[in-house]
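Data first, discussion second: the structure below is written as structure tokens.
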Amino acid sequence: MIEKNLIDTHSHLDDEKFSGEVAEVIARAKEAGVSRIITIACWDKEKGFTPTMALVEEFPELFFALGIHPHDAKDVEGSDVYDDIRELAANHKDRLVAIGEAGLDYHYDNSPREIQQEVFIKQINLAKELKLPLIVHTREAEAETLEILKKEGIPEAGGVIHCFSGSVEMARTALDMGLYLSFTGVITFPKATELRDVLKDVPIERIMVETDAPYLAPVPYRGKRSEPAQVVATAEKIAEVKGLSLEDVARITTQNAESFFKVKDSAAEDSSSSGSASSAAKIAYKIRNSLYLNITNRCTNRCTFCAKFSSYTVKGHYLKLAKEPEFADVLKAVEELGTPPIEYDEIVFCGYGESLIRVELVKKIGMYFKKMGCRIRIDTDGLANLVHGRNVLPELAFADCISVSLNAVDSDTYERLCKTPFGDKAYPAILWFLREAKKHIARVQATVVSVPGLDVEACRKIAEEDIGVAFRVREYNNVG
Ligand code: SF4
Ligand SMILES: [Zn+2]
Ligand SMILES: [Zn+2]
């Protein structure tokens, strides 16, 4: 079984459909690899938050959020709900992880819209006051919801739109505002093609997973009561749509949820060193079934689009090296991952940094693994010849593939985007590097990052027609 550690970030275990069965539901979740569950308490004018608080009392492993669903906004006036939330927050600092769900629901319109808006705004401010993140519910009111959030300002601790089901444009607006998006089993429904397109577009670093149990059971449980264990099916679908492994999706979404909700992992000690979220930089790490080697953080350029300037984490792996590793450190890091090198699809020199700055180490490691029969790929900016003052390509003939960042259609654009210290020498040197690479390495590809305004088709033409190498577009915002 694949080792996975998922968090169901949104469920309603206080729902009567779970009555008397919560212990079994939690046990089944753990069994399925869902280590943590956040249960959302929606205030009720008769019961307040009592049903959830009883569960929280009984099951110390649960985390929870408190909020007023837009359906119930009409009942708030005359109640003490905001003070109740403040009091519960003071008493449950370690397990109350957010305010919400709060927002607008114009599908059912169970409460008048103005009242929904007022109660939403009050909860945004309450989240700010309590320094907690906000869980947002929005249905057929996406534009209005984002407008209010823009006007009021998202709490410093962050915001997530749960059960996201809006358009690509809406998702991009939300991401630009700094929000996270959380996906439910809806993405597994056969008809949800558009939502899967949205999912494709959203960087996995901003995605969380949830069930919204007891609702929205994913395929193959559709029509049944949903429960936290089923979040695995949603994560599997994300893996399929994004071309990642389930392990990748689990690691990344869990890390997202851990940092967003500040939920501690009580089981962290017994997960393996390679799989657990660790603050020590990874020298060797796995994405899909490829092994990546991170041997330097130094770069020749300072690309404007580089994600390392906002975060040093790629696909859930922290890459900021305290010290550059040597040959033995790399071998040790690979060994610690536990998979025999030959079993990886390929071994890639990548990471946040330009590996060929350390060309001697690349050669030593590359040839070592090549002798074992592994497939080797080098990801590079194509500037190594300028850096080293010689043609290094004949020395890299052990590689099976070299992937060179072209990034521009001309020298000016390149200089502007990549802030290269080599000025107008850089771009022609890359074109030369690509041509020369063909003589020594079986597979050569040029890549571009689809930054807004870049003429991707013109780049493709340069690569495929002028130089005669393969071409690949890497999505802006999608690293790794
Ligand atoms: S070469 Fe790569 S890691 Fe370095 S700044 Fe550019 S995009 Fe970032
Ligand atoms: Zn909701
Ligand atoms: Zn909900």
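FYI, the numbering just counts along the sequence from 1. Both ligands and their constituent atoms are indexed starting at 1 by order of listing.
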(request) Begin from the C-alpha positions of Phe63 and Phe261 and carry the test ring pair (Phe, Tyr, Trp, His ring centres under 6.0 Å) through to its verdict. (result) CA-CA 9 Å; Phe63 295 94; Phe261 290 111; 9.2 Å; no
Could you tell me, atom by atom, which parts of ligand 1 come under 4.0 Å of a heavy atom of [X]?
X: Gly353; value: 3 (S)
X: Cys299; value: 1 (S), 3 (S), 4 (Fe), 5 (S)
X: Cys303; value: 1 (S), 5 (S), 6 (Fe), 7 (S)

(message) Looking only at the aromatic ring of each residue, does the gap between the centers of His317 and Tyr292 stay below 6.0 angstrom?
(response)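 So the answer is no for these two rings.
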(message) So, 2.8 Å as the limit: is an N/O/S atom of Cys306 located closer than that to atom 8 (Fe) of ligand 1?
(response)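 A backbone or side-chain N, O or S atom of Cys306 is under 2.8 Å from atom 8 (Fe) of ligand 1.
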(request) With 2.8 Å as the limit, jot down which protein N, O or S atoms are around the Zn ion (ligand 3). (result)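 Protein N/O/S atoms under 2.8 Å of the Zn ion (ligand 3): His10 NE2, His12 NE2, Glu101 OE2, Asp212 OD1.
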Within the side chain of [X], is there an N or O that forms a donor-acceptor pair under 3.5 Å with the backbone of [Y]?
X: Asn110; Y: Asp72; answer: no
X: Arg36; Y: Val263; answer: yes
X: Glu101; Y: His162; answer: no
X: Thr304; Y: Leu417; answer: yes
X: Thr50; Y: Lys47; answer: yes
X: Tyr427; Y: Ala408; answer: yes

